[in-house]
Amino acid sequence: MTFTFARSRLLIPANLIIVFVLTFSASTRATIQYEVHLDHPERHLFHVTMTIPEVTGEVIVRMPAWNALYQVRDFSSHVQQVEAFAGFQKAFTEKLDKQTWRIKGTGTIKISYATYWDETGPFASQLNSEHAFINPAMILFYVPARREEEVILSVSFSSATWRAEGPLLESSFESGRNHADAFKAPSYDALADGPIEVGNIDVFELPEVAPPVTVVIHGDNWRKKQVEDDLKRICKYELKLMDGAPFEHYTFILHIGKEAGSGGMEHANSTAIVAYSDEILPGVAAHEFFHLWNVKRIRPASLDPVDDTKEQYTRALWFAEGVTNTYASYTLVRSGIWSKEQFYADLSEQITELEGRPANRWQSAEQSSLDAWLEKYPLYNQPEYSVSYYTKGQVLGDLLDILIRDRTGNEKSLDDVLRSLNTNFAKKGKTYRDSLDVQLTAETIAGGSFEDFFAKYVAGTDPFPYQQILALAGLALRTVEHRRPTLGFFVEHEPNGPFVVHTVDPEGPAAQAGLRAGDVILNWNGGEAPRRIDRWLQEQKAGNSLKLRVRREDKELSLEFRLGEIKEILHQVVEDSHAGEIARHIREGLLRGETSAVAVH
């Protein structure tokens with residue numbers, strides 16, 4: 001009888017628990033093990049015990065400085081009460097720097113500590129009375145010299161209605177009032193890439209998708225049929241596009257309706273996504289699922305191997321993230337989730353966003369990728385200081401696709417470039433040289449040079465030739481002047497924290513009313529500040545009154561002013577009714593994901 005199952009949930013009765021423990025211990029005698037206890041979840045403290053066998057003299061342990069986001073966030077700042085034992089004796093423990101400890105001892109060393117997390121979304125970890133979400137890299141130490149060794153993690157909790165799920169789940173067992181789930185990985189890095197959801201969750205498998213895909217949901221604002229249908233369409237299309245799955249089993253971990261906003265984090269065989277409703281889920285899911293290939297396996301050399309101690313710079317995020325956005329939009333329209341009008345509207349929005357940022361004139365797609373580590377600073381994210389490699393990369397992906405189709409008479413496309421990168425790099429365990437191998441692969445597929453395109457628009461900041469390239473696909477770009485209300489100030493806030501005024505337009509009505517950078521917003525028009533201020537603003541008109549109650553140092557002030565107005569240029573991608581037969585053929589190929597020779601009459 002075995003107690004390790006790849007995906008099944010094995011519940012072991014109490015009278016067999018001794019047999020399980022003996023078998024488990026005997027087979028993992030030299031394996032680094034972690035125990036995470038979720039006692040008193042309302043206190044938001046993960047209690048961790050790390051067991052390190054076969055130590056001679058001393059061992060160094062470390063906590064990653066970054067994970068999930070290109071931001072150094074120093075996860076060790078959440079850690080408290082670090083203790084170590086060699087046998088029954090307390091071991092000498094010395095902290096060497098902000099993320100590294102040295103423990104002296106021989107034999108088996110046990111380290112215990114607590115770490116506080118209560119941050120929503122897929123880019124952090126959270127423990128509260130409703131659930132636990134674990135990004136392992138944020139709560140677990142590792143041994144730098146032994147990070148390639150097999151590791152085992154057990155998560156225990158007392159709630160009878162909770163269960164744990166994740167891509168690395170091996171087995172489950174019960175002992176008395178506690179429940180524990182075991183997760184196993186061939187290395188610390190593989191464990192760090194396997195998020196875990198614990199709570200009163202819904203779990204089901206997608207029908208008609210192979211290999212199997214499991215959906216784990218914590219939330220309340222969702223419809224199973226809708227979620228199931230959308231995810232099924234996305235998975236089936238992308239698996240077909242990329243000639244099969246690079247996984248044996250995949251897991252969607254979804255937080256729906258519990259937090260504001262939306263976003264996702266890709267992992268080797270799973271993704272964690274937050275969405276305020278199931279209506280916005282498809283866009284995020286299509287992006288994250290495509291990361292199975294682009295970035296997780298089709299991987300730039302500059303990001304491999306991972307160095308989680310400091311910033312790791314790359315010029316390839318325009319492709320790894322931006323072109324993944326291109327394929328999210330392709331997936332949605334080609335699978336029937338979007339109409340072609342929605343596809344055009346999305347591309348229009350990306351072009352409008354890109355062209356509306358003054359920084360687009362001087363920050364290239366490659367530099368935007370390189371500067372990703374500055375995104376944690378609110379000033380950097382303003383239009384004058386940066387463009388998004390997501391946005392610029394998505395538009396580049398569409399333009400490059402059209403050029404490839406045009407040069408080959410629609411017999412080849414960007415799809416062929418991705419499949420070629422998958423075959424020649426990912427499947428061979430090789431990384432690609434940032435933008436260079438993308439360019440060379442595109443040239444091989446199209447049968448001609450793209451040196452000028454990459455020099456001008458990827459490495460350089462020449463204006464994109466929208467009209468010229470879109471016309472090759474029977475499309476045109478129109479511009480419309482639009483007026484919209486503006487606050488006249490920018491805010492920032494930490495998860496679950498207050499909104500703090502970051503900058504104020506010195507010429508705007510907010511500044512004239514006395515609002516200052518650093519003011520903490522206590523009240524917004526008689527109530528709480530909207531969690532999505534951008535959406536609130538979309539529903540307003542210029543001239544509407546805004547009343548704020550703010551705290552400035554030790555004083556509270558009431559301010560009132562009217563919303564201002566700004567003019568902006570909207571770009572609209574539309575079909576050209578006068579397009580020729582070849583261009584229309586390319587347009588249909590783009591929308592449907594098809595390639596075929598153009599039959600000219």
Side-chain angles (χ1 to χ4, degrees), residues 66 68-74 123 261-263 302-303 310-325 348-397 434-435 456-464 466 482 484-495 497 499-511 515-519 521 532-535 537-538 563-571:
W66 69 274
L69 294 172
Y70 295 110
Q71 296 178 7
V72 171
R73 291 185 285 165
D74 293 324
F123 310 113
S262 64
S302 48
L303 288 180
K310 63 182 186 299
E311 294 90 345
Q312 191 165 3
Y313 296 100
T314 178
R315 297 180 186 274
L317 294 182
W318 72 270
F319 185 79
E321 294 288 357
V323 173
T324 297
N325 256 6
S348 302
E349 184 179 333
Q350 305 311 313
I351 295 174
T352 296
E353 163 65 17
L354 185 60
E355 295 303 317
R357 298 183 78 87
N360 187 43
R361 295 193 294 269
W362 58 265
Q363 189 180 49
S364 69
E366 287 191 337
Q367 185 182 334
S368 177
S369 304
L370 198 68
D371 288 342
W373 298 91
L374 300 176
E375 290 175 347
K376 69 179 181 180
Y377 302 109
L379 182 65
Y380 172 79
N381 292 300
Q382 293 186 25
E384 295 81 5
Y385 293 89
S386 67
V387 296
S388 168
Y389 47 82
Y390 285 90
T391 304
K392 203 158 192 174
Q394 178 177 343
V395 176
L396 281 168
D434 284 16
S435 299
K456 286 184 175 181
Y457 312 124
V458 176
T461 56
D462 284 21
F464 288 179
Y466 296 111
H482 175 70
R484 64 178 177 84
T486 179
L487 290 172
F489 63 93
F490 294 92
V491 298
E492 60 180 346
H493 75 107
E494 296 294 331
F499 284 90
V500 180
V501 177
H502 182 263
T503 55
V504 183
D505 177 4
E507 305 299 324
L515 190 68
R516 298 181 188 175
D519 287 352
I521 297 176
R532 292 286 304 276
I533 290 179
D534 56 338
R535 296 185 69 190
L537 193 58
Q538 291 174 6
L563 299 179
E565 183 179 68
I566 60 173
K567 299 178 184 178
E568 62 181 4
I569 301 297
L570 297 182
H571 296 268

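Atoms considered below: every heavy atom in the structure, side chains included; atoms not considered: hydrogens, waters and symmetry mates. Along the sequence shown, residues are numbered consecutively beginning with 1.
- The ring of W318 has its center no closer than 6.0 angstrom to the ring center of Y389.
- The minimum heavy-atom distance linking T486 with E565 is given by the pair CG2-N, 3.6 Å.
- Taking the six-membered ring where tryptophan is involved, the planes of W66 and Y70 are tilted, since the angle between them lies from 30° to 60°.
- D434 places a side-chain N or O within donor-acceptor distance of the main-chain N or O of R315, the cut-off being under 3.5 Å.
- Side-chain contact between L563 and L487 is present, with heavy atoms from C-beta onward closer than 4.5 Å.
- To the nearest 0.5 Å, the span separating OG on S386 from OH on Y377 amounts to 14.0 Å.
- Side chain to side chain, Q382 and T503 meet the donor-acceptor criterion of an N or O pair below 3.5 Å.
- With rounding to the nearest 0.5 angstrom, the CD atom of E375 is 6.0 Å from the CG atom of N381.
- Checked against side chain to side chain contact (heavy atoms under 4.5 Å, CB included), T391 has the following partners two or more places apart in sequence or in another chain: Q350, E353, L354, S388.
- We find the CD1-CZ distance between I533 and F489 to be 6.5 Å, quoted to the nearest 0.5 Å.
- Contacts of L570 classified as side chain to side chain contact (heavy atoms under 4.5 Å, CB included), with partners at least two apart in sequence or in another chain: T352, H482, E568.
- Other residues, nucleotides and ligands contribute over 12 non-hydrogen atoms within 6.0 Å of the OH atom of Y466.
- In this structure, CD1 in I351 is found 7.5 Å from NE2 in H571, a value given to the nearest 0.5 Å.
- At a threshold of 4.5 Å between non-hydrogen side-chain atoms, the residues V504 and R516 do not count as touching.
- Here the straight-line distance linking atom CD of E384 with atom CZ of R357 works out to 8.0 Å at 0.5 Å rounding.
- The two atoms that bring K376 and Q71 nearest to each other are CB-CD, 3.5 Å, heavy atoms only.
- The shortest heavy-atom contact between Y385 and Y380 is CB-O, 3.4 Å.
- Without hydrogens or angle criteria, S368 side chain to V387 main chain gives a donor-acceptor distance under 3.5 Å.
- Counting non-hydrogen atoms of other residues, nucleotides and ligands closer than 6.0 Å to CD of E349 gives a total of 12 or fewer.
- The two residues L396 and F464 come nearest to each other via the heavy atoms CD2-CZ, 3.6 Å.
- Heavy-atom minimum distance, G488 versus A510: O-CB, 4.2 Å.
- Two residues are said to be in side-chain contact when any heavy atoms from C-beta on lie closer than 4.5 Å; E366 and V458 meet this criterion.
- By the 4.5 Å heavy-atom criterion applied to side chains, Q363 and T461 are not counted as neighbours.
- In this structure, L317 CG and S302 OG are separated by 7.5 Å, a value rounded to the nearest 0.5 Å.
- Residue K392 comes nearest to S364 through the heavy atom pair NZ-CA, 4.0 Å, listed as atom of the first residue, atom of the second, then distance.
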